[in-house]
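What follows is one structure encoded as structure tokens, with my remarks underneath.
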2 protein chains.
Amino acid sequence: MVLKLEHSHQLIIDNVSRFIDLTELEKQKYISLLTEVKVKKKAFLMQAGEIARYEYFITKGCLKVYTLNEDGVPHISMFAVEDYWTGDMASFMTKEPSRYFIKATEDSELLGISRANYELLFQEIPKFERFYRILYQKSLISYIRRSNQGISLTAEERYIEFKTKYPNIVHRITQKDLAGYIGITPEFMSKIISKVNRM
Amino acid sequence: MVLKLEHSHQLIIDNVSRFIDLTELEKQKYISLLTEVKVKKKAFLMQAGEIARYEYFITKGCLKVYTLNEDGVPHISMFAVEDYWTGDMASFMTKEPSRYFIKATEDSELLGISRANYELLFQEIPKFERFYRILYQKSLISYIRRSNQGISLTAEERYIEFKTKYPNIVHRITQKDLAGYIGITPEFMSKIISKVNRM
DNA sequence: GAAAAAAAATGAAGTAGTTTAAGACTTTTA
DNA sequence: TAAAAGTCTTAAACTACTTCATTTTTTTTC
């Protein structure tokens, strides 16, 4: 018996099913461990100082994950859109206060899993160890690449790389936020963009 | 019956046992899937263009993992010493040619697991999905942090961060290699070090 | 243990990216 | 729909870092 799932649940099941196969019963069980969350544009999903109680899967919208340096300048570590996972894994795992803010840049909808349900998930459906092993492995590969590019490419090269890699994200965010991701000032971002467009 | 293991095997079993519990039989099975490798100082464990056939655990020595940019300038992505894991996970997983070199900076000894044995390991001892899930999760946390620091800190701040975080590595490597890791020229590294020492 | 090779230090001139400030344009809010 | 707030552009002066060239020091090699 295959039950019809609502859209957001279908999305997360499809995402998980890329790496592991679930029975209908396991799908129902998994979905029962998730919490639906809505965040309006400009609202915070999480703020620095809080403990990250959930890890999130985005079913709609766009969010930015960032820290503030001692001068209050934001440094954006990721933009998360539909079909992405986000959160502060360090705080989620250690239960120490987070240094990150997560703010919606569009009205967004997410599915969250709490720390308790995350542990329960591994007990009830051990295959999820495999799912997360592969998910983290793939994330690790792209973060290793990004941390290399951060030190080896110029700002202009990083911008071109971002545009090429995320053509679907680049037009959904402000130049200012993109500057915060690339690691430069909005003024210099503006110069780079007009230069690259002229080329 | 608890068998006595040789030193290198004891090290890797201790490493794995931080996250999962293994029976004596499982330990023997695991060890049987590993290959011992020795690399002399200045020798390559792996070179760009090759497919990464193994992931490695270091039992002795020190190695640097790096790429060369189009001008032939090395960018070091990690230094790996005893009790660390290393390799090129992207190439190991996709079987595409690697862009990385791994070179020993001291005479080194490693235990490697081949791609076939890595898959076999999950079939034979599914708990290893959990081990790698946790290992990758922890690595991910530190790479996320590093990729943020790469864009938000000055070279001097990154140097101080490295020295504080890896006091046991900083004196084992050359200033030139450290420059390649921090993402600056050896000349500027030299200036930073003499400045920081004067403070 | 001498010669060669590589690493480190220093300095002068150049470039990538920042800072500050001000005006134009766009989006949000009441 | 007007005012306010935020974003984008441009430019001049500044700083972090690079480049190139030379000398000194350390490490490697035979």
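All values derive from a computational prediction rather than experimental measurement.
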Separation of C:dA5 atom P from B:Lys176 atom NZ, nearest Å, is 15 Å

- Indicate yes or no: does B:Arg133 engage A:Glu129 in a salt bridge with an N to O separation below 4.0 Å. yes

Side-chain contact check for B:Ile184: nearest option of C:dT18, D:dC17, C:dA9 is D:dC17

Ranking B:Gly183 and B:Lys41 by the position along DNA chain D of their nearest nucleotide, the one closer to 5' is B:Gly183

**Item:** B:Tyr66/B:Tyr100 aromatic ring centres below 6.0 Å
**Value:** no

Rounded to whole Å, CD of B:Glu106 lies from C1' of D:dT28 at a distance of 16 Å

To the nearest angstrom, the NZ-P distance between B:Lys195 and C:dG11 comes to 16 Å

Modelled atom types, side-chain donor and acceptor of A:Glu157 and A:Thr154, under 3.5 Å = yes

From CG of B:Asn197 across to P of C:dA8 the rounded distance in Å is 13 Å

field: Contact under 4.0 Å: A:Ser190 side-chain N or O vs D:dT9 OP1/OP2
entry: yes

Separation of C:dA16 atom P from A:Tyr159 atom OH, nearest Å, is 18 Å

Checking D:dT7, C:dG17, D:dT10 against the side chain of A:Arg158 (C-beta onward), the nearest is C:dG17

Rounded to whole Å, CD1 of A:Ile192 lies from C1' of C:dT18 at a distance of 12 Å

Please evaluate residues A:Leu121 and A:Tyr30 with respect to the criterion side-chain contact (heavy atoms from CB on, under 4.5 Å), reporting the C-alpha separation (whole Å), side-chain torsions for both, the decisive distance (0.1 Å), and the verdict.
CA-CA 7 Å; A:Leu121 181 62; A:Tyr30 177 48; 3.7 Å; yes

In whole angstroms, the gap separating C1' of C:dT15 from CG of B:Asp71 amounts to 15 Å

Looking only at C:dA9, D:dC8, D:dA16, the nucleotide nearest the B:Phe188 side chain is D:dA16

Notebook entry, point to check: Looking across every strand, which nucleic acid part, if any, lies under 4.0 Å from B:Thr154 by heavy atom: base, sugar-phosphate, or nothing?
Noted result: sugar-phosphate

Hey, is the side chain of B:Gln175 poking within less than 4.0 Å of OP1 or OP2 on C:dA9, counting only N and O atoms?
yes

Assign each of A:Leu153 and B:Ile193 the nucleotide of DNA chain C bearing its closest heavy atom; nearer the 5' end lies the nucleotide of B:Ile193

Determine, for A:Tyr181 and A:Arg146, whether the Lys NZ or Arg CZ falls below 6.0 Å from the six-membered ring centre while staying within 45 degrees of the axis. yes

Assert: residue with more 5' nearest nucleotide on DNA chain D, out of B:Lys191 and A:Met189, is A:Met189

Thinking salt bridges, do B:Glu26 and B:Lys127 make one under a 4.0 Å N-O criterion? yes

To the nearest angstrom, the CD1-C1' distance between B:Ile173 and D:dT27 comes to 17 Å

Side-chain atoms of B:Glu187 come closest, of D:dT19, D:dA11, C:dG17, to D:dT19

Of the listed D:dT29, D:dT9, D:dT18, the closest approach to the B:Lys42 side chain comes from D:dT29

Remember a base hit wins even if backbone is also touched, and classify A:Thr185 as base, sugar-phosphate or nothing at under 4.0 Å, heavy atoms. base

Closest to the side chain of A:Ser194, out of D:dC8, D:dC17, D:dT10, is D:dT10

